[in-house]
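Here's the structure we're looking at; comments come further down.
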Amino acid sequence: MSNEHKEYLKKIKRKNIIIKSFQILIIIFIITIWQLAANKGLINTFISSSPKNIINTILKLYKDKLLFHHIGITFYEVLISFSLGTIFGITIASILWRYQLLYKIIDPYLTILNSMPKVSLGPIIIIIAGAGIKSIIIMALLISFIITIIDVHHYFKETEKNKIKLMKSFKATKRQIFIKLILPSNIKNLINVCKVNIGLTFIGVIMGEFLVSKSGIGYLIMYGSQIFNLNLVMTGIIILCIMASLMYYIIVILEKRINH
Amino acid sequence: MDILKIKNLRKIYHTKKRELLAVDNFSFNLKKGDFVAIVGPSGCGKSTILSVLSDLEKPSSGIIEYDKKLKFGYMLQDDGLFEWRTIYKNCILGLEVQKKLENEKYVNKLLKTYGLLDFKDSYPSNLSGGMRQRVALIRTLATKPDILLLDEPFSALDSQTRLAVSDDVYKIIKKENKSAIMVTHDISEAISMADKVIVLSKRPSIIKKIYDIKLDNKKNPIENRKDKNFAYYYDLIWKDIDYHV
Ligand SMILES: Nc1ncnc2c1ncn2[C@@H]1O[C@H](COP(=O)(O)OP(=O)(O)O)[C@@H](O)[C@H]1O
Ligand SMILES: [Mg+2]
């Protein structure tokens, strides 16, 4: 490696360190200001809580053995609805790719279902599936399911025409075209769909927990607001932030694995 | 010996807005071992003829006769390599589809003969345009076709590479002793490679003329361009094609 190149790599490294440092500084800055303002009575901690109160709340939840119980429930609901929504979505998109006529028939219904706010189905879902985890999972699943079908089908349709022609010139069956071309050429797109779905499922689960639940982070937030314990609400929100970024990173790591 | 007979081929495309006569009254016989070029203005129906021959499109009418044991190999303008497959895996794609993996030995031999063995486990993105085109040819040859159908196989390459790759591909086709029909809009390419040049009119394409290319000393495409009869054919064909500015 030439010295010039070493110098260049060093420069990039230095830049990255600066970026990371600033990112960390910003969060430390916000927490410090928040706590200082609370200490000096500049903000009303009853409404805005404070870092110290939040840590105490987390510790209390932990001691009461509730912290990981709630996180676990929410995580479980997200995982189940994410998996079901993504797997069913991709499967149905594949079927619609295979049977174009079917796609043409249900296309307008997909569009309508997609643009309809899924929360409005909440009451019906609760009546059918009961006021429990099942309803939450169905609601979260519905949110990612329809858009997955539409997006994945679109990606499949957009597969390069000349490659399809090439497969056909080898007399490939539809099934072979799907397995050897459509799926592998769309891996990147499918991962992107997963990234979006994690976020959507999270929204669905929290919404579901707001409507019906006796546990989970959404429940914690709802309960906190009902008894005017804003510390609990803030704590819930912070935990959600952490969970969402963790799940996002899991996908990113998976993505890197697949790309190598 | 004629291995392929095409009589009064006609192809009409039907779309919602209109019907479009792409090829009309196309008749031609292909001799074993012949290299035939089809030239004509863009959009006149050249690709359509190859699509019909390789069974990707149904002819509207006409007769196409050949021994059903004969096989066609199709090569497109874009090399169409699958980026997620290694070079080797790309070469055996057709074999996988046709469940003929016993041909793998032949693929190895082709890779070796044509200098690609070292790149077996590389991915297409690591190869130059010319090498990619060679891989595409090996992928087509792997299924052991009798007649190669080449649809503007070099038009995605820049002009210098193009000359070298056409020379390369020509030698491979001759060495493997294949018959070939090549579509191109490049007159020089057609004259320098083919034994026969079919000139098509504007759409709906009908055959304007068929030239038997007789060069004094037929060698490879690059050398052929220096032949004194080259310019003669070029001039004739250029005048036949309805190029409009
Ligand atoms: N699948 C198709 N459906 C309708 N029209 C088509 C189709 N394929 C080609 N055409 C039309 O047929 C004509 C001939 O096309 P093509 O054979 O690709 O021409 P060339 O290869 O000579 O450029 C063009 O006008 C093109 O638009
Ligand atoms: Mg064409």
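Proteins come first, then strands; the chains are lettered A, B, ... in the order of their sequence lines, and each starts at number 1.
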Please determine whether the number of non-hydrogen atoms from other residues, nucleotides or ligands lying under 6.0 Å from atom [atom1] of [X] exceeds 12.
X: B/K17; atom1: NZ; value: no
X: B/Y13; atom1: OH; value: yes
X: A/K161; atom1: NZ; value: yes

Quiz item: Are there residues of residues 166-182 of chain A that reach to under 4.5 Å of chain B by heavy atoms, and which ones?
Solution: A/L166, A/M167, A/K168, A/S169, A/F170, A/K171, A/A172, A/Q176, A/K180, A/L181
Measure [X] against the heavy atoms of chain A and call it side chain, backbone, both or neither at under 4.5 Å.
X: B/R85; value: side chain
X: B/L81; value: backbone
X: B/S54; value: backbone
X: B/Q77; value: neither

Exercise. Fit a plane to each ring of A/H153 and A/Y103, take the angle between them on a 0 to 90° scale, and name the class: parallel (under 30°), tilted (30 to 60°) or perpendicular (over 60°).
Key: parallel
Quiz item: Between B/Y106 and B/K144, is there a cation-pi geometry (under 6.0 Å to ring centre, at most 45° from the normal)?
Solution: yes
Exercise. Kindly indicate whether a cation-pi arrangement holds for B/K68 with B/Y66, taking the cut-offs as under 6.0 Å to the six-membered ring centre and within 45° of the axis.
Key: yes
Quiz item: With distance as the sole test, does B/K32 use its side chain to make a donor-acceptor pair with the main-chain N or O of B/S179 at under 3.5 Å?
Solution: no
